[in-house]
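Just so it is clear, the values below take in all heavy atoms, side chains as well, and ignore hydrogens, waters and symmetry mates.
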Amino acid sequence: MKKTILCFGDSNTHGYNSQTDGRFSEEERWTCLLDEMLGTDYRVLEEGLSGRTICFDDPLFEGLNGFTSIFQAMMTHEPLDLLIIMLGTNDVKSRFHATPQNIAKGMERLLKKAFNTTEAWRDQPNILIIAPAPIEPEYRFTFVGGEMGEDCDTKSRALAPLYEDICHRYGCHFLDAGQITGIRMHPKDHMHLDKASHQLLASTLAKKIPALLD
């Protein structure tokens with residue numbers, strides 16, 4: 001029986017390609033690479049949506065609230081053996097007026113909902129939270145600067161220790177993507193993973209995940 005892994009995230013899970021304003025191919029996205037690296041005993045499923053937040057309704061775009069969509073995603077793909085959540089990059093946008101602590105509180109709320117969606121789990125809740133690689137300061141000088149607003153890089157760098165604390169308190173697994181050697185954002189916008197970083201994230205997870213599913 002294959003072990004099912006659901007990847008719930010935003011554009012960096014969907015595979016947004018800053019260079020082309022399109023999407024990385026199945027040979028390039030970290031989710032697809034992870035599926036290949038883990039082999040035939042695993043099934044890796046993508047639930048990445050550009051612009052998705054942890055729990056905020058975006059006044060400019062429809063359907064991006066992760067809190068209101070995670071139940072549907074989990075139940076669509078059940079039974080699950082592992083849920084990977086990588087969110088927070090969009091929550092730092094100025095229009096949400098959220099501190100890093102506010103964003104972390106939202107992650108805690110989302111985590112509780114995932115835990116309590118008991119009918120989606122094959123056995124018991126098993127969740128890996130990934131702190132996204134932080135936005136680089138140069139983002140403000142690119143085309144996304146006006147969309148994101150001020151201080152997004154500072155807030156995104158503050159999320160990892162807050163997420164790690166949540167994981168310790170709830171018994172979840174944790175990975176700080178920003179600490180993976182060589183990972184970086186594409187220089188066109190400084191907030192989306194480049195092609196090589198998709199490979200690095202996939203290979204890091206491929207080494208980590210089997211032990212989480214023993």
Carboxylate-amine/guanidinium proximity below 4.0 Å for E147 and R95:
yes
Measuring from T204:OG1 to W30:CH2, what's the distance to the nearest 0.5 Å?
11.0 Å
Determine whether the side chains of E28 and S25 contain a donor N or O and an acceptor N or O closer than 3.5 Å.
yes
Under 3.5 Å, is there a donor-acceptor pair linking the side chains of E46 and T31?
yes
Passes side chain to side chain contact (heavy atoms under 4.5 Å, CB included), L111 versus I127? Steps please.
CA-CA 8 Å; L111 179 63; I127 300 174; 3.5 Å; yes
Other residues, nucleotides, ligands: >12 heavy atoms within 6.0 Å of E36 CD
no
If I take atom CG from residue N126 and atom CG from residue L82, how far apart are they, to the nearest 0.5 angstrom?
5.0 Å
Distance from S156 atom OG to M148 atom CE, nearest 0.5 Å?
8.0 Å
From H192 atom NE2 to S197 atom OG, the distance as rounded to the nearest 0.5 Å
12.5 Å
Does D81 offer a backbone N or O that forms a donor-acceptor pair with the side chain of R122 under 3.5 Å?
no
What's the separation between atom CG in L159 and atom CD in E164, rounded to the nearest 0.5 Å?
13.0 Å
Answer yes or no: are there more than 12 heavy-atom neighbours, outside K195 itself, under 6.0 Å from its atom NZ?
no
Are any of the side-chain heavy atoms of L34 and I209 separated by less than 4.5 Å?
yes
Count the heavy atoms of every other residue, nucleotide or ligand shown that sit under 6.0 Å from CZ of R43, and state whether that count exceeds 12.
no
More than 12 heavy atoms of other residues, nucleotides or ligands under 6.0 Å from CD of Q101: is that the case?
yes
Going by heavy atoms in the side chains, are I135 and T154 under 4.5 Å from each other?
no
Quick one, E47 with H14, criterion side-chain hydrogen bond (donor to acceptor under 3.5 Å, both in side chains). Give me CA distance, side-chain angles, the key distance, then yes/no.
CA-CA 7 Å; E47 277 288 348; H14 182 74; over 6 Å; no
Whether the side chain of N65 engages the backbone of C55 through a donor-acceptor N/O pair (distance < 3.5 Å, no angle test) should be reported.
yes
Per the side chain to side chain contact (heavy atoms under 4.5 Å, CB included) rule, which among T13, D35, L205 passes with C7?
T13
Does a side chain donor of either N17 or H186 reach within less than 3.5 Å of an acceptor in the other side chain?
no
Indicate yes or no for a side-chain donor-acceptor contact from W121 to the backbone of E78 under 3.5 Å, with no hydrogens or angles considered.
no
Find out whether I130 and I84 are in side-chain contact, i.e. whether some heavy atom of one side chain is under 4.5 Å from a heavy atom of the other.
yes
Decide yes or no for L83 and I5: does some side-chain heavy atom of the first lie under 4.5 Å from some side-chain heavy atom of the second?
no
A120 and M75: which non-hydrogen atoms are nearest, and at how many Å?
CB-SD, 3.8 Å
CA sep, side-chain torsions, deciding dist, call: T142, D189, side-chain hydrogen bond (donor to acceptor under 3.5 Å, both in side chains):
CA-CA 6 Å; T142 74; D189 61 16; over 6 Å; no
Taking K113 for its side chain and F67 for its backbone only, find out whether a donor-acceptor pair lies under 3.5 Å.
yes
Looking at every non-hydrogen atom in both residues, tell me the closest pair between A177 and I183 and how far apart they are.
O-CG2, 3.2 Å
I'd like to know if D153 and R140 make a salt bridge, using a cut-off of under 4.0 Å between side-chain N and carboxylate O.
yes
Counting N and O atoms only, with roles assigned by atom type, does the side chain of K155 sit under 3.5 Å from a partner on the main chain of T99, one being a donor and the other an acceptor?
no
Search all heavy atoms of M107 against all heavy atoms of I54 and return the closest pair with its distance.
N-CG2, 3.5 Å
Could you go through the side chain to side chain contact (heavy atoms under 4.5 Å, CB included) check for L201 and L33 one step at a time?
CA-CA 9 Å; L201 179 56; L33 292 169; over 6 Å; no
Side-chain heavy atoms of V92 within contact of I103, under 4.5 Å:
yes
Over-ring placement of R29 relative to Y16, 6.0 Å and 45° cut-offs:
no
Examine K2 relative to Y42 and say whether NZ or CZ is less than 6.0 Å from the centre of the six-membered ring and inside a 45° cone about the ring axis.
no
Can you tell me how far the CZ atom of R52 sits from the OG1 atom of T89, to the nearest 0.5 Å?
13.0 Å
Is there a donor-acceptor contact under 3.5 Å from the side chain of T53 to the main chain of D91?
no
Are S50 and F61 packed together at the side-chain level, in the sense that at least one heavy-atom pair is separated by less than 4.5 angstrom?
no
Smallest heavy-atom separation, P59 atom then F96 atom, equals CD-CE2, 4.1 Å
Got a salt bridge between E108 and R169, using NZ or NE/NH1/NH2 to carboxylate O under 4.0 Å?
yes
Within the 4.5 Å heavy-atom criterion, are S69 and F8 side-chain neighbours or not?
yes
List the steps, then state whether side chain to side chain contact (heavy atoms under 4.5 Å, CB included) holds for M74 with L6.
CA-CA 8 Å; M74 292 177 68; L6 177 63; 4.2 Å; yes
Heavy-atom side-chain contact between R184 and E136 under 4.5 Å
yes
Could you tell me whether K105 atom NZ has more than 12 heavy atoms of other residues or ligands within 6.0 Å of it?
no
If I compare all heavy atoms of C167 with all of F174, which pair ends up nearest, and what's the gap?
SG-CB, 3.8 Å
Begin with the C-alpha distance, continue with both residues' side-chain angles, and end with the deciding distance and a verdict on side-chain hydrogen bond (donor to acceptor under 3.5 Å, both in side chains) for N12 and H198.
CA-CA 9 Å; N12 277 317; H198 276 261; 4.9 Å; no
Determine, stepwise, if the pair H77 / Q72 fulfils side chain to side chain contact (heavy atoms under 4.5 Å, CB included).
CA-CA 9 Å; H77 299 294; Q72 292 94 326; over 6 Å; no
Around atom CD of E119, are there more than 12 heavy atoms of other residues, nucleotides or ligands at under 6.0 Å?
yes
Closest contact, heavy atoms only, D58 versus K93
OD2-NZ, 4.3 Å
If you group Ile, Leu, Val, Met, Phe, Trp and Tyr by side-chain heavy-atom gaps below 4.5 Å, do I129 and L87 land in one group?
yes
Any link between L162 and L110 through a network of hydrophobic side chains (Ile, Leu, Val, Met, Phe, Trp, Tyr) touching at under 4.5 Å?
no
